[in-house]
There are 2 protein chains.
Amino acid sequence: MDAAAHLGYRPNRIPAIMQSGRSYMVGVVIGGLENPFYATALERLATALRESGLQVLLMHVDDALTLDSALDQLVSYRIDAIVTSLAIGSAAVVRALSALRLPVVCFNSSRVGPWISTVNSDNHGAGRAAAHLLARHGVMRPVWLAGPTKNAASHARGTGFCTGLCATGLPPAHLTTVRGNDTYDSGYAAITQLDRRGIRPDGIFASNDMMACGVIDALRERMGLLCPRDVVVAGYDNIPQAAWRSYDLTSFDQHTEQMVARAMGLLDEALGTKDTPLSRTHVIDAQLIERGSTGGGGRNDDPAIP
Amino acid sequence: MDAAAHLGYRPNRIPAIMQSGRSYMVGVVIGGLENPFYATALERLATALRESGLQVLLMHVDDALTLDSALDQLVSYRIDAIVTSLAIGSAAVVRALSALRLPVVCFNSSRVGPWISTVNSDNHGAGRAAAHLLARHGVMRPVWLAGPTKNAASHARGTGFCTGLCATGLPPAHLTTVRGNDTYDSGYAAITQLDRRGIRPDGIFASNDMMACGVIDALRERMGLLCPRDVVVAGYDNIPQAAWRSYDLTSFDQHTEQMVARAMGLLDEALGTKDTPLSRTHVIDAQLIERGSTGGGGRNDDPAIP
DNA sequence: TTGTATGCGTTATCAT
DNA sequence: ATGATAACGCATACAA
């Protein structure tokens, strides 16, 4: 042992991988790190994986095109499983993933198939809750700011919101839907577009917080509408910026800690029952965090704020 | 080939690693993904590495304690090199890294040693530029909001700022220094503390943008000071949120694209001259992005904004 | 308990 | 050009 320490010897896990067929590496496929939600989710996932003795082989992916080649790369390193936060939209991707015959755990993906398990936020339920929240504030001209059509989670939030509005007695015809691409700028642009169409909303539910922040800024700068005085706004993800005082944004927290824990459970199970496709779905309740943008935190009413 | 495709055969790179002694995996050691700057930097780094045919073995690390065990893990996977954005503060960490006899590339770390190369933003120069910027705005009571003492980059920015203030003829005694920990909340708290001490700044340079955002909010809420009317504020990193309209924050862009490109160059060079310790330093100019928080963008003067 | 041979799936070398 | 074989460093199984 002394000699080993002196020579700086470190055991080599590579032959062990060959021998055992297990690499203890997990391919983590992620996109959109510019969204603080995914960044913090990755941080938690990486921490949890390491605590389970698993390494993170990271694969950043921009679009579905690069995904295929990315998967080949990952598989050639004999990863034990794949965890992805990509909103798996297309059936082709699901087929590609299933064909790997590797455990796959997805976050917020509606698509399922053999070998694929998912951990989802209760997007539909949160959408309904958002509708009831807006209804409590007497909103008569609600707007739903959707994410990209590929985004299954966004779709579920939208249908939930619509369902919730109906339940509160508001005719669906009163609902205006606009679409963004999950960025701040697209939220800002969506409001600019509403302004041009002459629509003055009094309540907005955005598919994520980044767009909601853009919405709040555009309402003030473009339409002269203050939040929550003139319009209430809610987002999704509860990113750190939602708590920043300039936005003070009501949002739905996905409880990424819980979601990651569930994902780890699925992973352990799938890795235990090797060579047997597992396909499970977990749904985690989202928690409404009421802040000033819906009059909840109350601090936006603070007279100290001009 | 048909049979291979039919059977879903994928070449196995693990034996190739054993054989060639090269894994084409790079250990990426990172902390603080909740800071959008590091998140986007990681995204760019991961993309660049993949374009060079290198895999990312990600290691998220909270403190120096976990770093040691993390390094052992990485090394046992026979990574070819290490890239880290950690502000390497302690000499012990440098010794541990050098002992690995692996190429190491650091971002914004002042510590150097054999096998360790660094790519740094011109922190000192940017600090001086910040001082001149504030001087141009007639600032008489400047405040420097430093990051953690461990953070070498923050220290360089601070000394540069001090140097620059002297150069403009402002006595250093007029400079107030407060310290945060690079988070929004710590920026907010720093201003709260200034308020308690009865200090009313008219110009603030913060070591990073997240703290600067907290500063802007606290100035308004705690001291009733508007930016840039009563006080000018500049940050560092040019995170996406700096461009969000509620902050419209003047900042220094580190040009992470360039820094990543330089890091890749160092990596290629170090991997080419295998078994020979390389130790180089590159310094990249930071670019001042003037926005409304220093009256630059001008949009915060927009009468539409209350 | 300690020691020794074999195999993992490639790459590289050597012989044909 | 094509084909056989050793070697990478560890884990496993079996022998002593």
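Below, chains carry the letters A, B, ... as their sequence lines are ordered, and counting in each starts from 1. None of the values given here were measured: they were computed from a predicted structure.
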Gap between atom CG of Leu42(B) and atom CG of Leu58(A) - 0.5 Å precision: 6.0 Å

CG-CG distance between Leu71(A) and Leu97(A), expressed to the nearest 0.5 angstrom: 5.5 Å

Check: dG9(C) base within 3.5 Å donor-acceptor of Gln19(B) side chain: no

Whichever of Ser20(A) and Pro15(A) has its nearest DNA chain D nucleotide further upstream toward 5': Pro15(A)

Tyr9(A) side-chain N/O to dC10(D) phosphate OP1/OP2 under 4.0 Å: yes

Tyr77(B) OH to dG9(D) C1', straight-line distance once rounded to whole Å: 15 Å

Which atom of Asn120(A) lies closest to which atom of Ser109(A), heavy atoms considered: OD1-N, 3.1 Å

Distance, rounded to the nearest Å, where Ile14(A) contributes CD1 and dG7(C) contributes P: 22 Å

Protein-nucleotide distance (Asn12(A), atom CG; dT10(C), atom P), rounded to Å: 17 Å

d(CE, Met18(A); C1', dG7(C)) in whole Å: 8 Å

Whole angstrom value for the distance that separates P of dC8(C) from CD1 of Ile17(B): 19 Å

Euclidean distance, atom CZ of residue Arg78(B) to atom P of dT11(C) [Å, nearest integer]: 19 Å

Separation of atom CZ in Arg22(A) from atom P in dG9(C), rounded to whole Å: 17 Å

Gap between atoms OH and C1', on Tyr24(B) and dT11(C) respectively (whole Å): 12 Å

Minimum heavy-atom distance Val61(A)-Arg50(B), with the two atoms named: CG2-NH2, 4.4 Å

